[in-house]
Amino acid sequence: MANYSIGQVEELTGIKSHVLRYWEEVIPGFAPQKDFGGRRVYSQKEVDMINRLNFLINEKKFTIEGARDQIIAESQIVSENFDVMQDIQELRKDLSEALLTIKKYRSK
């Protein structure tokens with residue numbers, strides 16, 4: 001399973017780290033694990049949620065509360081279509097890793 005640092009998540013999503021930390025406080029179920037050093041470690045599922053929140057808030061102009069409610073409603077749909085969503089999540093993980101690799105080599 002892919003794990004990303006807060007800096008990698010910021011690079012992947014374009015969302016600043018202070019916003020990510022705020023979202024942890026107001027979005028239920030959005031709490032990345034912490035490693036032994038206390039640093040946040042994000043899973044692909046959390047990166048997907050960040051991208052969805054970003055879309056809802058910045059593109060669709062939802063409030064943070066409205067986006068939270070939408071995420072909760074969508075999670076019920078996801079649980080009903082678990083197999084398909086698991087395949088989509090695996091593809092997103094592969095794409096995220098490829099994007100980080102491309103950015104790594106472009107910066108050199």
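Worth knowing before you read on, the calculation uses all heavy atoms, side chains too, and leaves out hydrogens, waters and symmetry mates.
In this structure, Asp87 CG and Asp83 CG are separated by 7.0 Å, a value rounded to the nearest 0.5 Å. Annotation: the span from Ile27 atom CD1 to Ile50 atom CD1 amounts to 10.5 Å, rounded to 0.5 Å. A distance of 8.5 Å separates CZ in Arg52 from NZ in Lys60, rounded to the nearest 0.5 Å. Remark: Leu20 CG to Thr13 OG1 distance equals 5.5 Å, nearest 0.5 Å. Considering NZ of Lys61 and CG of Leu56, their distance stands at 12.0 Å, rounded to 0.5 Å. Put simply, CD on Glu46 and CZ on Phe30 are 6.0 Å apart, with the number rounded to the nearest 0.5 Å.
With contacts defined as side-chain heavy-atom distances shorter than 4.5 Å, the pair Glu97/Lys93 qualifies. Looking at Val84 and Ile88, their side chains come closer than 4.5 Å, going by heavy atoms from C-beta outward.
Sparse packing is recorded around CD of Gln33, with 12 or fewer heavy atoms of other residues, nucleotides or ligands lying under 6.0 Å away.
Side chains of Gln86 and Glu90: a donor-acceptor N/O pair is absent below 3.5 angstrom, by distance only.
Scanning all heavy atoms of the two residues, the minimum distance from Tyr4 to Gln44 falls at OH-OE1, 2.9 Å. Nearest heavy atom pair, residue Ile71 against residue Met49, reads CG2-CE, 4.2 Å. Summarising the geometry of Ala67 relative to Phe62, their closest heavy-atom pair is N-CD2, 3.7 Å, with the distance given to 0.1 Å. Summarising the geometry of Ser17 relative to Ile6, their closest heavy-atom pair is CB-CD1, 3.6 Å, with the distance given to 0.1 Å. A pairwise comparison of heavy atoms in Trp23 and Asn54 identifies CH2-N, 3.9 Å as the closest pair.
In this view, Asp94 satisfies the side chain to side chain donor-acceptor pair (under 3.5 Å) rule with no residue, not counting sequence neighbours. The side-chain contact (heavy atoms from CB on, under 4.5 Å) search around Ile72 returns Pro28, Arg68, not counting sequence neighbours.
When each of Asn51, Asp48, Leu12, Val9 is paired with Ser96, the side-chain contact (heavy atoms from CB on, under 4.5 Å) condition holds for Leu12 and for no other.
The hydrophobic clustering, which links ILVMFWY residues whose side-chain heavy atoms are closer than 4.5 Å, places Val47 and Leu95 apart.
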